[in-house]
Amino acid sequence: MNFSQTLIALWTLVLKEIKRFTRIWPQTLLPPSITMAMYFIIFGNLIGSRIGDMDGFSYMDFIVPGLIMMSVITNSYSNVASSFFSNKFQRSIEEMMVSPMPNWVILSGFILGGMARGLGVGLIVTVVSLFFTRLTMEHPLLTVLVVVLTSALFSIGGFINALLANKFDDISIVPTFILTPLTYLGGVFYSISMLPDFWQGVSMLNPILYMVNVFRYGFLGVSDIPVGWALAAIFAFIIALFSIALAMLERGKGIRS
């Protein structure tokens with residue numbers, strides 16, 4: 001395939017993924033916005049008014065960036081995991097594998113599709129948050145950069161999950177037992193400075209903590225960890241997971257029997 005054909009193949013795959021989740025928007029786009037609205041009401045208004053300020057900001061302002069990031073993470077991951085596994089289950093992925101389309105195009109197409117859903121849901125949640133608080137953005141470019149990188153990282157994670165899954169139940173194991181606990185313990189609802197020294201050290205092992213804090217820094221200008229380290233860690237994770245996913249795809253891991 002020449003360069004223009006490669007671009008057409010990539011765009012076609014991305015467009016297919018976008019149409020897939022927008023066609024069933026009551027299942028893919030509406031539920032996250034309702035869920036996050038409940039978080040804003042319960043944690044922001046009802047509980048937040050009793051907690052008071054956090055790092056010099058109202059509790060509502062403090063949790064909004066974390067909740068936006070949480071919606072981006074979960075939707076980027078779940079979109080690719082469910083979409084690619086469905087293609088694998090229906091054996092339509094084999095048609096892509098035998099086509100002239102390079103493996104990196106297949107991988108990138110699913111990743112970009114997951115990013116589109118994750119960022120789309122993140123934008124919807126951001127709009128919903130405006131009904132509860134006034135958002136400020138201290139570092140707009142950094143905010144956009146970290147949310148794009150995070151959606152890419154977890155889209156790759158969803159792809160690897162789908163490759164390794166043997167049945168539909170397998171794609172829910174990682175989100176339920178790993179992703180959700182790490183997200184809730186990733187500083188979405190609290191500052192790690194509130195924790196004892198030992199648990200602060202343990203929290204530093206959670207990669208989602210870095211993403212949430214950099215994203216919060218982009219909005220509020222405060223972070224529990226150095227922003228440079230966090231960005232370097234995110235880039236390293238993306239490169240490592242993309243390489244692993246591409247190697248697995250080229251070997252036909254979970255596809256070829």
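- Between the Gln5 side chain and the Asn2 main chain, a donor and an acceptor come within less than 3.5 Å of each other.
- Of the residues listed (Ile63, Asp61, Val64), the one engaging Ser129 in a side chain to side chain contact (heavy atoms under 4.5 Å, CB included) is Val64, and it is the only one.
- Annotation: side chain of Val125 is not in contact with side chain of Met70 (no heavy-atom distance under 4.5 Å).
- Phe84 and Ala162 make their closest contact through CD2-CB, 3.7 Å (heavy atoms, listed as atom of the first residue, atom of the second, distance).
- When all heavy atoms of Ser33 and Ile124 are compared, the closest pair comes out as CB-CG2, 3.6 Å.
- In this structure, the separation between CD1 on Ile244 and CZ on Phe159 is 13.0 Å, given to the nearest 0.5 Å.
- Partner of Asp224 under the side chain to side chain donor-acceptor pair (under 3.5 Å) criterion, chosen from Ser203, Ser193, Ser191: Ser191.
- Lys88 places no side-chain N or O within donor-acceptor distance of the main-chain N or O of Ile93, the cut-off being under 3.5 Å.
- Residues Arg117 and Ser78 have side chains in contact (heavy-atom distance under 4.5 Å, counting atoms from C-beta outward).
- Put simply, the side chain of Ser83 never gets that close to the backbone of Val80: no donor and acceptor are under 3.5 Å apart.
- Around the CZ atom of Phe89, the shell of radius 6.0 Å holds no more than 12 heavy atoms that belong to other residues, nucleotides or ligands.
- Asn87 pairs in a side chain to side chain contact (heavy atoms under 4.5 Å, CB included) with only one of the listed residues (Glu94, Glu95, Met96), which is Met96.
- Taken to the nearest 0.5 Å, the CG atom of Asn161 stands 8.5 Å off from the CD1 atom of Ile178.
- The aromatic rings of Phe189 and Tyr184 lie parallel to each other, their planes meeting at an angle below 30°, with 60° marking the opposite boundary.
- Formation of a donor-acceptor pair under 3.5 Å by the Thr176 side chain with backbone atoms of Ile173 is not found in this model.
- Contact record, Val128 with Ala37: CG1-CB, 4.0 Å, taken as the closest heavy-atom pair.
- Of the possible donor and acceptor atoms, one in the side chain of Thr143 sits under 3.5 Å from a partner among the backbone N and O of Gly218.
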- Under the side-chain contact (heavy atoms from CB on, under 4.5 Å) criterion, do Asn103 and Met97 qualify, and how do the steps go? CA-CA 7 Å; Asn103 288 326; Met97 297 290 291; 3.9 Å; yes
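- No single ILVMFWY cluster, assembled from side-chain heavy atoms under 4.5 Å apart, contains both Ile106 and Val98.
- The closest side-chain heavy-atom distance from Tyr210 to Thr150 is not below 4.5 Å.
- Nearest heavy-atom pair across Gly66 and Val212 is CA-CG1, 4.1 Å.
- In this structure, the side chains of Tyr77 and Val174 come closer than 4.5 Å at one or more pairs of heavy atoms.
- In the hydrophobic cluster analysis, where Ile, Leu, Val, Met, Phe, Trp and Tyr join through side-chain heavy atoms closer than 4.5 angstrom, Met36 is grouped apart from Val127.
- Glu138 places no side-chain N or O within 3.5 Å of a backbone atom of Phe219 that could act as its donor or acceptor partner.
- Transitive grouping of hydrophobic side chains (ILVMFWY, heavy atoms separated by less than 4.5 Å) brings Met38 and Ile68 into a common cluster.
- Counting non-hydrogen atoms of other residues, nucleotides and ligands closer than 6.0 Å to CZ of Phe237 gives a total of 12 or fewer.
- The shortest side-chain heavy-atom distance between Leu119 and Leu123 does not fall under the 4.5 Å cut-off.
- Atoms CG and CE, on Leu231 and Met211 in that order, are 10.5 Å from each other to the nearest 0.5 Å.
- Rounding to the nearest 0.5 Å places CD1 of Ile208 at 4.5 Å from CD1 of Ile73.
- Between the side chain of Tyr190 and the main chain of Leu185, a donor-acceptor pair closer than 3.5 Å is present.
- The shortest side-chain heavy-atom distance between Ser223 and Arg216 does not fall under the 4.5 Å cut-off.
- With hydrogens and angles disregarded, no donor-acceptor distance shorter than 3.5 Å links the side chain of Asn79 to the backbone of Asn75.
- In this structure the side chain of Lys16 never reaches within 4.5 angstrom of the side chain of Thr12, judged on heavy atoms.
- Pairing each heavy atom of Thr180 with each of Pro175, the nearest pair is OG1-O, 2.7 Å.
- Atom CE of Met204 has more than 12 neighbouring heavy atoms from other residues, nucleotides or ligands inside a 6.0 Å radius.
- Both Val144 and Leu130 belong to a single network of hydrophobic side chains, linked directly or stepwise wherever heavy atoms of I, L, V, M, F, W or Y lie under 4.5 Å apart.
- Looking at Ser76, its side chain never comes within 3.5 Å of a backbone N or O of Phe154 through a donor-acceptor pair.
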- Message: Does Met115 form a side-chain contact (heavy atoms from CB on, under 4.5 Å) with Val148? I'd like the steps, not just the answer.
- Response: CA-CA 7 Å; Met115 291 173 63; Val148 169; 3.7 Å; yes
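- Between Phe57 and Phe62, the distance from one ring center to the other does not fall under 6.0 angstrom.
- Met194 is connected to Ile192 through a chain of hydrophobic side-chain contacts under 4.5 Å among Ile, Leu, Val, Met, Phe, Trp and Tyr, so both are in one cluster.
- Here the straight-line distance linking atom CG of Leu107 with atom CD1 of Ile156 works out to 6.5 Å at 0.5 Å rounding.
- Looking at heavy atoms from C-beta onward, Val222 lies out of side-chain contact with Tyr217 at the 4.5 angstrom threshold.
- Across every non-hydrogen atom of Ile171 and Ser82, the tightest pair is CD1-CA, 4.0 Å.
- Here the CG atom belonging to Leu13 is positioned 10.5 Å from the CD1 atom belonging to Ile111, to the nearest 0.5 angstrom.
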- Message: Run the side-chain contact (heavy atoms from CB on, under 4.5 Å) test on Ser108 and Phe242 for me, step by step, so that the C-alpha distance in whole Å, both residues' side-chain angles and the decisive distance to 0.1 Å come before the verdict.
- Response: CA-CA 9 Å; Ser108 299; Phe242 188 91; 4.1 Å; yes
- Please report the C-alpha distance between His139 and Val227 in whole Å, then the side-chain angles of each, then the deciding distance to 0.1 Å, and finally whether the side-chain contact (heavy atoms from CB on, under 4.5 Å) criterion is met. CA-CA 12 Å; His139 308 282; Val227 173; over 6 Å; no
